[in-house]
Asker: 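Submitted below is the structure of interest, expressed as structure tokens.
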Amino acid sequence: MKRTKIAALLSADGPREQIIVKGWVRTRRDAKDFSFLEINDGSCLANIQAVVDADAKGYEHIKDMGTGASVAVTGALIASPGKGQAWEVKASEVELIGGADQDTFPLQKKRHSDEFLRAIAHLRPRTNKFGAAFRIRSELALSVHRFFQDRGFFYLQSPIITGSDCEGAGEMFRVTTMHPGQPLGPEGAKADFFGKEANLTVSGQLSAEPFALALGDVYTFGPTFRAEPSDTARHAAEFWMVEPEMAFADLTDNMDLAEDLLKHCIRDVMERRAGDLELFAKWVDTSLMGTLEKLVADPFERIPYAEAVEILRKAPKSFEYEAAFGKDIQTEHERYLAEEHFKKPVIVYDYPKDIKAFYMRQNEDGRTVAAMDVLVPRIGEIVGGSAREERLDRLEARIAEMNLNMECYDWYLDTRRFGTAPHAGFGLGFERLVMLATGVTNIRDVIAFPRTYKHLEF
RNA sequence: UCCCCGGUAGCUCAAUCGGCAGAGCGUCUGACUGUUAAUCAGAAUGUUGGGUGUUCGAGUCACCCCCGGGGAGCCA
């Protein structure tokens, strides 16, 4: 007989004579002649309670079915005579599949600190919180795909290994088959696997642009790598990014898309993983549901960078860094705008060209580019994007002005030489979306096995 | 890389002025109960992160190192 998942059993509309449940024991309560087993199989947050009488087959092993042990319970699904649950399993047989020594099994039937659980990342998905977090993460990933599929976007798999050192979005990880001691540098690179320097991608954008200018609307969704020595709760060396790119689109289309995407994903999680979300609303961030409901219901604020700077300069609050036109908006500024001033997501657009990338479309004022960042409460920047400079002469001029190597971009410039078209896109940090949806404040707690500066465990 | 905080039992933490290392939870044993993080009684559990120094005496003070957390910078 096949096992039935607990999520299905708990939503049953009637009793069933014969079922089998397989999962991990969360806790056991013994009476004189019978025991209660709380079993979780990961299919949902809730456990199912099994009642095992002393005459059930296999009861002699009940003492070994402690917290963490894996078991199979065969029996009938019945309406529970006890309070606290609608359904329970009246066991006719229990089987110990894998024991868990109670003296050494690290998870206890009580709350643990996030710090402790990070040290046992291979076991933490067995906790309520991390089980819920990773079910929500899965739901969000599917939600991203549904969103784009519904809008006629094509899913592009952009390369992970790049030979271009021109992506310009941050420090890169070197990819090599050279052994320690073999020469690196330009000479060594010729003898390396690709015959040139290779790196892990920091962005799929340069791949996505040519495909947008062919398939119309595309998006990438995959791993991204940054070798920045960032040591914060919001950065990882390996993370996932969603990067849509639209042909015949401008900055307003781009802002609309970003706002719609965020709202769609949050709405999906609220509808489809309500049970898991409740855990976070109750234990992690009591204001979570209010934040999410507001995010879904209200239009995001949209303000030009210059206006944002004015708001910051007039703010009844002193910042460590002074806000001024031409300077980057600092983390403290982002948080002030999203958390205190507007109290909702804010899209800041039209940034000074000197603090933004070469490919962003130059505005007619001569000093700003059509860039936009979406700032959300608690997390700060979650989306960064722009209209792309589609005019060949303007783009070349900008590359020259910024002292970049024109040769690097030759193939990229071809897209502007032949049938160029206005286009726009952005990058959404996927982990930050998971953090937004759950209220989790550390990126390491929404990644299965996080890779961060000076940390590569598991 | 910089600033701040921390490291004591399996986990979360306490330990007064430098003076016998503790509690709760968990675990184990027993009792009891259609129980709900069950309850009651009892038991076991320590290189106080590592090192050096000061002192009659260091968990506590000084210095160095290691590890963890928070914040900043960089960014998604």
Side-chain angles (χ1 to χ4, degrees), chain A residues 26-38 46-53 63 66-68 78-85 88 90 100-120 127-128 168-171 201-205 221-243 258 283 319-321 328-335 355-357 373-376 379-385 426-436 441-447 452-455 457:
Chain A
R26 280 298 170 76
T27 177
R28 188 185 76 233
R29 293 180 289 273
D30 294 321
K32 196 173 210 168
D33 297 315
F34 62 98
S35 297
F36 295 101
L37 283 181
E38 292 266 348
N47 306 323
I48 197 160
Q49 170 169 291
V51 184
V52 190
D53 282 328
K63 288 282 180 210
T67 304
I78 61 167
S80 177
K83 287 174 187 165
Q85 61 281 316
E88 67 181 27
K90 178 81 178 160
D101 176 25
Q102 296 300 294
D103 285 334
T104 51
F105 182 61
L107 292 175
Q108 303 172 1
K109 50 183 176 186
K110 62 172 220 170
R111 293 185 71 186
H112 287 290
S113 65
D114 291 335
E115 294 79 16
F116 173 68
L117 292 172
R118 265 170 229 156
I120 51 167
T127 63
N128 287 339
E171 290 298 312
T201 183
V202 292
S203 165
Q205 182 194 324
F221 184 11
T224 308
F225 306 87
R226 301 274 168 92
E228 303 280 353
S230 302
D231 200 3
T232 81
R234 302 181 304 281
H235 292 86
E238 176 181 327
F239 63 99
W240 280 55
M241 195 151 60
V242 179
E243 295 183 283
W283 301 108
F319 296 111
E320 193 181 333
Y321 295 87
D328 259 324
I329 293 187
Q330 303 290 322
T331 299
E332 58 180 341
H333 301 149
E334 294 176 352
R335 297 192 60 162
I355 59 171
K356 287 291 182 183
D373 285 353
V374 180
L375 314 178
V376 294
I379 291 163
E381 183 181 346
I382 192 168
V383 165
F426 60 80
L428 163 70
F430 183 63
E431 280 77 10
R432 292 188 181 174
L433 176 62
V434 182
M435 291 164 77
L436 176 68
T441 52
N442 195 310
I443 197 167
R444 282 167 280 182
D445 296 335
V446 297
I447 297 176
T452 58
Y453 185 58
K454 298 293 183 196
H455 293 276
E457 318 296 332

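Every chain is numbered from 1, with letters handed out A, B, ... down the list of sequences.
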Asker: Which value, rounded to the nearest 0.5 Å, describes the distance between Ile329(A) atom CD1 and Asp373(A) atom CG?
Answerer: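 The distance works out to 7.5 Å.
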Asker: Under 4.0 Å, heavy atoms only, any strand: does Leu107(A) hit a base, just the sugar-phosphate, or nothing?
Answerer: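 No contact at all - Leu107(A) keeps every heavy atom at 4.0 Å or more from the nucleic acid.
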Asker: Contact class for Glu320(A) (heavy atom, under 4.0 Å): base, sugar-phosphate, or nothing?
Answerer: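 Contact class for Glu320(A): none.
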Asker: Using the closest heavy atom to pick a nucleotide of RNA chain B for each, name whichever of Phe116(A) or Ile78(A) lands nearer the 5' end.
Answerer: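 Looking at RNA chain B, the more 5' nearest nucleotide goes with Phe116(A).
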Asker: Is a donor-acceptor pair below 3.5 Å formed from side chain His112(A) to base rC11(B), judging by atom type as modelled?
Answerer: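 Answer no: no donor N or O sits under 3.5 Å from an acceptor.
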Asker: Is the phosphate of rG68(B), meaning OP1 or OP2, less than 4.0 Å from a side-chain N or O of His455(A)?
Answerer: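 Result: yes.
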Asker: Mark yes or no for a side-chain to base donor-acceptor pair under 3.5 Å between Glu115(A) and rU12(B), with no hydrogen or angle criteria applied.
Answerer: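 Not at all, since no donor on one side and acceptor on the other fall under 3.5 Å apart.
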Asker: Report yes if the side chains of Phe239(A) and Phe430(A) come closer than 4.5 Å at any heavy-atom pair, otherwise no.
Answerer: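 When only atoms from C-beta onward are counted, Phe430(A) and Phe239(A) do not touch, as no gap falls below 4.5 Å.
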Asker: Could you let me know what rC2(B) is paired to, Watson-Crick or G-U wobble, both distances under 3.5 Å, or none if it's on its own?
Answerer: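 Base partner found: rG71(B).
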Asker: Looking only at the side chain of Arg118(A) (C-beta and beyond, no hydrogens), which of the listed nucleotides rG34(B), rU27(B), rG70(B) gets closest?
Answerer: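 Selected nucleotide (nearest to the side chain): rG70(B).
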Asker: Between rG69(B), rA72(B), rG34(B), which nucleotide has the shortest distance from any of its atoms to the side chain of Tyr321(A)?
Answerer: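 Among the listed nucleotides, the one closest to the side chain of Tyr321(A) is rA72(B).
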Asker: Go through the side-chain N and O atoms of Lys109(A) and Thr67(A) and say whether any donor and acceptor fall under 3.5 Å apart.
Answerer: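 No, no side-chain donor-acceptor pair sits under 3.5 Å.
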Asker: Could you please name the partner base of rA62(B), counting Watson-Crick and G-U wobble pairs only when both distances are under 3.5 Å?
Answerer: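 The base-pairing partner of rA62(B), which may sit in any strand shown, is rU52(B).
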Asker: Using the P atom in both, what is the distance from rG6(B) to rC13(B), to the nearest Å?
Answerer: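 Rounded to whole Å, the distance is 13 Å.
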Asker: For rU35(B), does either OP1 or OP2 sit under 4.0 Å from a side-chain N or O belonging to Arg28(A)?
Answerer: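 No, outside the criterion.
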Asker: Ignoring hydrogens and angles, does a donor from either the side chain of Gln108(A) or the base of rU27(B) sit under 3.5 Å from an acceptor on the other?
Answerer: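 Between rU27(B) and Gln108(A), which were checked side chain against base, a qualifying N/O pair under 3.5 Å is absent.
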Asker: Can you tell if the side chain of Phe36(A) reaches within under 4.5 Å of the side chain of Val51(A), non-hydrogen atoms only?
Answerer: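 Yes, side chains in contact.
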Asker: Taking only N and O in the side chain of Asn442(A), is any of them less than 4.0 Å away from OP1 or OP2 of rG70(B)?
Answerer: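 Yes, Asn442(A) has a side-chain N/O under 4.0 Å of OP1/OP2 on rG70(B).
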Asker: Between rC74(B) and Tyr453(A), is there an OP1 or OP2 to side-chain N/O distance shorter than 4.0 Å?
Answerer: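 So the side chain of Tyr453(A) is outside the cut-off, no N or O lying under 4.0 Å from OP1 or OP2 of rC74(B).
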Asker: Watson-Crick or G-U wobble partner for rG18(B), using a 3.5 Å limit on both distances?
Answerer: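 WC or wobble partner does not exist here.
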Asker: Below the 4.0 Å mark, does rA38(B) have OP1 or OP2 next to a side-chain nitrogen or oxygen of Thr27(A)?
Answerer: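 Checking Thr27(A) against rA38(B): at least one side-chain N or O falls below 4.0 Å of OP1 or OP2.
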Asker: Between the side chains of His235(A) and Thr232(A), is a donor N or O closer than 3.5 angstrom to an acceptor N or O?
Answerer: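 The answer is yes; a qualifying pair exists.
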Asker: Need one value for Val51(A): base, sugar-phosphate or nothing, where a base atom within 4.0 Å counts as base even if backbone is also close, heavy atoms only.
Answerer: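 Counting heavy atoms under 4.0 Å across all strands, the contact made by Val51(A) includes a base.
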Asker: Round to a whole Å and report the spacing from NZ of Lys109(A) to C1' of rU39(B).
Answerer: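 The answer, rounded to whole Å, is 12 Å.
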Asker: Can you check whether Asp53(A) reaches Lys90(A) side chain to side chain, under 4.5 Å on heavy atoms?
Answerer: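 Asp53(A) reaches Lys90(A) side chain to side chain.
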Asker: So what's rU39(B) paired with, Watson-Crick or G-U wobble, going by both distances under 3.5 Å?
Answerer: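 Across any shown strand, rU39(B) pairs with rA31(B).
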Asker: Spell out yes or no: do the side chain of Ser230(A) and the base of rC74(B) have one donor N/O and one acceptor N/O closer than 3.5 Å?
Answerer: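 When only heavy-atom distances are counted, Ser230(A) does reach the base of rC74(B) through a donor-acceptor pair under 3.5 Å.
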Asker: At under 4.0 Å between heavy atoms, what does Glu243(A) touch on the DNA or RNA strands: base, sugar-phosphate, or nothing?
Answerer: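 Answer is nothing: Glu243(A) stays at 4.0 Å or more from every strand.
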Asker: Please report the distance separating the P of rA58(B) from the corresponding atom of rG19(B), rounded so that it comes out in whole Å.
Answerer: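 Each nucleotide's P atom is 11 Å from the other's.
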Asker: On a whole-Å scale, what distance lies between the P atoms belonging to rG57(B) and rU52(B)?
Answerer: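 It comes out at 15 Å once rounded to the nearest Å.
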Asker: Does rA23(B) have a Watson-Crick or wobble partner in any strand here, with both distances under 3.5 angstrom, and which is it?
Answerer: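 Across any shown strand, rA23(B) pairs with rU12(B).
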Asker: Examine rU36(B): is either OP1 or OP2 under 4.0 Å from a nitrogen or oxygen in the side chain of Arg29(A)? Give yes or no.
Answerer: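 No, no such contact exists.
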Asker: Reckon Thr331(A) has a side-chain N or O less than 4.0 Å from the OP1 or OP2 of rG73(B)?
Answerer: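 Result: yes.
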Asker: Taking atom types as they are modelled, would you say the side chain of Lys110(A) forms a donor-acceptor pair with the base of rC11(B) within the 3.5 Å cutoff?
Answerer: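 Present.
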Asker: Between rG71(B), rG73(B), rU27(B), spot the one nearest the side chain of Gln102(A), thanks.
Answerer: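 Of all the options, the side chain of Gln102(A) is nearest to rU27(B).
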